[in-house]
Amino acid sequence: MSRRNTTLAIGQGRGRLSPCVCNTLRMVTRVVTQLYDDCLRPSGLRVTQFSILVAIARLGEASLKQMEDELAIDQTTLTRSLSLLERAGVIERAPHSDGRIKAMRLTWKGKRTLEVARPLWAQAQGKVLRELGTKAWADAQRRLARLHHVAVKKRRRGREGRARVAEG
């Protein structure tokens, strides 16, 4: 079995990346997440929580399904994060005409927390873009959007195929 690794310059050091697309994306995501979390620490939020609050703020009120779709996050992870944010008093349940739908909205404390967090997020974003470059990031976004599209399409086809076999 080949143990060939791809090497990528990361800041001043060099990191070894896996030839596996999934593993490489997860490795990069972990270190970038840590950078954003470090910058956001004074706000009391992690970047995942910040993203949820931004989505709720953008939508005004958001159902679990809307947030799952908006953030491409699974229901279990989202529910756990929402529970923590609700206990912290930054979001609350919003009444919905369909009582079965769980919708959330920002509280006053949530709006204030987001005001504090936005410039900290911008600081993290600026650090990454200064190192990477805005043109390189735009190119990466295009490529990642294509990868996302391919992965969603393949996953959907796989589910449909399994459903047909189960019916068959």
task = Any chance you could lay out the side chain to side chain contact (heavy atoms under 4.5 Å, CB included) test for Leu85 and Leu45, step after step, and finish with the verdict?
result = CA-CA 9 Å; Leu85 292 168; Leu45 295 175; 4.2 Å; yes
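- Annotation: side chain of Glu92 is not in contact with side chain of Met104 (no heavy-atom distance under 4.5 Å).
- Distance check, rounded to the nearest 0.5 Å: CG of Leu114 to CD1 of Ile52 gives 12.0 Å.
- For Arg46, the CZ atom counts as loosely surrounded, since its 6.0 Å shell holds 12 or fewer non-hydrogen atoms of other residues, nucleotides or ligands.
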query = What's the verdict on side chain to side chain contact (heavy atoms under 4.5 Å, CB included) for Asp74 and Thr77, showing C-alpha distance, side-chain angles and the deciding distance?
reply = CA-CA 6 Å; Asp74 68 275; Thr77 302; 2.8 Å; yes
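- Using a 4.5 Å cut-off between side-chain heavy atoms of Ile, Leu, Val, Met, Phe, Trp and Tyr, with links allowed through other members, Leu59 and Leu106 fall into different hydrophobic clusters.
- Applying the side-chain hydrogen bond (donor to acceptor under 3.5 Å, both in side chains) test to pairs two or more places apart or on separate chains, those with a residue in residues 118-128 are Tyr36-Gln125.
- Between Asp139 and Lys135 there is no salt bridge, since no side-chain N of the basic residue sits under 4.0 Å from a carboxylate O of the acidic one.
- Side-chain atoms of Thr24 come within 3.5 Å of backbone atoms of Ser18 as a donor-acceptor pair (strictly under, hydrogens ignored).
- Residues Met67 and Ile73 have side chains not in contact (no heavy-atom distance under 4.5 Å, counting atoms from C-beta outward).
- Residue Ala55 comes nearest to Glu70 through the heavy atom pair CB-CG, 4.0 Å, listed as atom of the first residue, atom of the second, then distance.
- Asp37 CG to Gln34 CD: the interatomic distance, rounded to the nearest 0.5 Å, is 7.5 Å.
- Ser43 places a side-chain N or O within 3.5 Å of a backbone atom of Leu40 that can act as its donor or acceptor partner.
- Residue pairs that meet the salt bridge (Lys or Arg N to Asp or Glu O under 4.0 Å) test with at least one member in residues 75-86, sequence neighbours left out, are Glu86-Arg93.
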task = Under the side chain to side chain contact (heavy atoms under 4.5 Å, CB included) rule, what do Leu82 and Leu64 come out as? Steps first, then yes or no, please.
result = CA-CA 9 Å; Leu82 290 173; Leu64 258 59; 3.6 Å; yes
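- When side chains are defined from C-beta on, Leu120 counts as touching Pro42, because their heavy atoms get closer than 4.5 Å.
- Considering only heavy atoms from C-beta on, Thr107 stays 4.5 Å or farther from Ile91 through its side chain.
- Using a 4.5 Å heavy-atom cutoff, the side chains of Trp137 and Leu144 are in contact.
- Here the side chains of Arg143 and Leu147 are not in contact, with every heavy-atom distance at 4.5 Å or above.
- Residues Glu61 and Ile56 fail the side-chain proximity criterion, which asks for heavy atoms closer than 4.5 Å.
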message = The test is side chain to side chain contact (heavy atoms under 4.5 Å, CB included); show your working for Leu53 and Val90 and say whether it passes.
response = CA-CA 8 Å; Leu53 293 184; Val90 294; 4.2 Å; yes
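- Leu35 is connected to Leu17 through a chain of hydrophobic side-chain contacts under 4.5 Å among Ile, Leu, Val, Met, Phe, Trp and Tyr, so both are in one cluster.
- Using a 4.5 Å heavy-atom cutoff, the side chains of Arg16 and Met27 are not in contact.
- One distance of note links CD of Glu68 with OG1 of Thr76; it measures 9.0 Å at 0.5 Å rounding.
- Here the closest heavy-atom approach between residue Gln49 and residue Gly44 is recorded as OE1-O, 4.0 Å.
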